[in-house]
Number of protein chains: 2
Amino acid sequence: MQPTVRDPNPPLTRSVEDYLKVIYHLSSQGGFAATSDIAAMLEVSSPSVSGMVKRLSETGLIEHVPYRGVQLTPQGRRAALRMIRRHRILELYLTQHLGYDWGGVHAEAERLEHAVSDDLIERMASALGQPQYDPHGDPIPTAAGDIEEAELVALADARVGTKLELRQVGTQDPARLRYFAEQGLTPGVLLTVSERQPFDGPTTIAFVPSGDPRVVGRDLARLLWCQEIGS
Amino acid sequence: MQPTVRDPNPPLTRSVEDYLKVIYHLSSQGGFAATSDIAAMLEVSSPSVSGMVKRLSETGLIEHVPYRGVQLTPQGRRAALRMIRRHRILELYLTQHLGYDWGGVHAEAERLEHAVSDDLIERMASALGQPQYDPHGDPIPTAAGDIEEAELVALADARVGTKLELRQVGTQDPARLRYFAEQGLTPGVLLTVSERQPFDGPTTIAFVPSGDPRVVGRDLARLLWCQEIGS
DNA sequence: GAAACTACTTAGTCTATGCTAATTATGAGA
DNA sequence: TCTCATAATTAGCATAGACTAAGTAGTTTC
Ligand SMILES: [Mn+2]
Ligand SMILES: [Mn+2]
Ligand SMILES: [Mn+2]
Ligand SMILES: [Mn+2]
């Protein structure tokens, strides 16, 4: 009778997968992810995060510096990017093939990402023609775990007079997403920055080529990630 | 400070949903589902089943007669049929739209059924044209919870000389399913029973209209559910 | 440099779900 | 009716993941 050896490589649980994704997003700018930020993103208590952080660092998925924060190990990063690939392919598949709108698709993908097989994800990716971006403009990591790192500027910070392409919309909030869609503010749109009010005021843009003007408040303008267009 | 009131109607967990489905299948012929049969189907231990049975009967999803077995309450039956609808629509969607074969599709649906929203299932059902049967010929319950009850006979029990339509294939085993598909034994096929060897021997059939003969061993013939065709 | 605020961790508890080992009920045969 | 095999249950324990309450470390502020 075996003394019950623990599986050294158990499959990741749903909770673990969501923690890794959140830690990836919080530490992608190079720094550490703070306990309280993780707690806020996942809507759990700080002690819950401390507990999970302990387990994740014991299994080698993250590195924990007490009172500083956590970072992903290469293994944790691979796992996180795998989940992000799943999430974004699911979002795109649901919008392209099942009529979802880009506001409602996030919640569905948030659950499905943990249940689909790699095989199903690759079938969806094929059906979509190996897409590079999800409905919100976010880059889809490759199956090998590579992800495009774009140098983008928030519309709220773009200099007046520059010409921009809207590339990513940095929110999952259905209400804001639907509003952006109504305003024509979806990835791929071209615009110029015509004016910005002082004291963190709104930004005025003009669509290219129509020239139609639009005023965008500061909070929303911070969600619109753009790329400067030469000339 | 509230003394923490428990949610009186928590969402069902993945485990609970799988238990209900299994209990539905085991008790669908009118009787009780036995603890050991539930345990075998779910590949868990008998004490685990006893424990779950206690909780499920406390929440009113099943009726438990100790040492006899369990049956679904109307509420439990509704929940089980909802899961079966999800499972079968998923199986059909994956085969029709994503190129799955009918052998591999069950495992994928077994996980996805717990993660999809009702909305997604209904979108899939629409894309499929409100289908009535899954890839294995099993009837898909309606969203309202009605399910077709067909009077079928196993090929192993069909009288020699009768003409039959193959309606359902009663296994999820990928190897057997692929074998059946190779042999042309898929739902909708017409055949006549030409011979049966004594002492639980194999059954010989002839396909209609081609007349091609085929010998089917007893164990496999018990998985092929058929309907007698008039004339 | 001490006080005070904030963020983080630790301690202790709870639920869901699984397990093994031990016990008990049921029904079939003798 | 008694015995025994089988099936089911109970007892006791483990793990994942959440929570609240309490304590501690780091950081500001005067
Ligand atoms: Mn998720
Ligand atoms: Mn997205
Ligand atoms: Mn299942
Ligand atoms: Mn099926």
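Letters go in sequence order (proteins before strands), and every chain restarts at 1. Small disclaimer: the values here were computed from a predicted structure and weren't measured.
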Task: Distance, rounded to the nearest Å, where A:His114 contributes NE2 and D:dG17 contributes P - done: 12 Å
Task: Short side-chain to backbone donor-acceptor contact, B:Arg176 and B:Thr171, under 3.5 Å - done: no
Task: Nucleotide D:dG17, atom C1' - distance to CG of A:Leu12 in whole Å - done: 15 Å
Open item on the list: I need the CG-C1' distance between A:Leu56 and D:dA18, as an integer number of Å.
Closed with: 15 Å
Can you tabulate the close N/O pairs, meaning under 3.5 Å, that link protein atoms to atoms of nucleotides 2-8 of chain C?
unit_1 : atom_1 : unit_2  : atom_2 : d
C:dC8  : OP2    : A:Ser36 : N      : 2.9
C:dC8  : OP2    : A:Ser36 : OG     : 2.6

Task: Spacing between A:Glu58 atom CD and D:dT15 atom P, to the nearest angstrom - done: 12 Å
- [ ] For the pair B:Arg82 and B:Asp118, find out whether any cationic side-chain nitrogen is under 4.0 Å from an anionic carboxylate oxygen.
- [x] yes
TODO: Please work out if B:Ser45 contacts a base, only the sugar-phosphate, or nothing of the nucleic acid, heavy-atom cut-off 4.0 Å.
DONE: base
Open item on the list: Nearest whole Å is fine: how far is C:dT17 P from B:Glu43 CD?
Closed with: 18 Å
Task: salt bridge (Lys or Arg N to Asp or Glu O under 4.0 Å) partner of A:Glu113, the single match among A:Lys21, A:Arg14, A:Arg85 - done: A:Lys21
Task: B:Arg14 CZ - C:dG18 P separation (whole Å) - done: 10 Å
- [ ] Answer with yes or no after comparing the ring centroid distance for B:His87 and B:His106 against a 6.0 Å cut-off, counting only values under it.
- [x] yes
Task: Short N-O contact, A:Glu110 and A:Arg86, less than 4.0 angstrom - done: no
TODO: With rounding to the nearest 0.5 Å, note down the distance linking CG in B:Leu112 to CD1 in B:Ile89.
DONE: 13.0 Å
Open item on the list: Does D:dA18 have its OP1 or OP2 closer than 4.0 Å to a side-chain nitrogen or oxygen of A:Ser15?
Closed with: yes
- [ ] Could you check how far NZ of B:Lys54 sits from C1' of C:dG18, rounded to whole Å?
- [x] 16 Å
- [ ] In whole angstrom, give the distance that lies between atom CE of A:Met52 and atom C1' of C:dT10.
- [x] 17 Å
Open item on the list: Go nucleotide by nucleotide along DNA chain D from the 5' end; which of A:Pro47 and A:Thr13 gets its closest nucleotide reached first?
Closed with: A:Thr13
Task: N-O pairing of A:Arg167 and A:Glu148 below 4.0 Å - done: yes
TODO: Please state whether the phosphate of D:dA16, meaning OP1 or OP2, lies under 4.0 angstrom from any side-chain nitrogen or oxygen of A:Arg55.
DONE: no
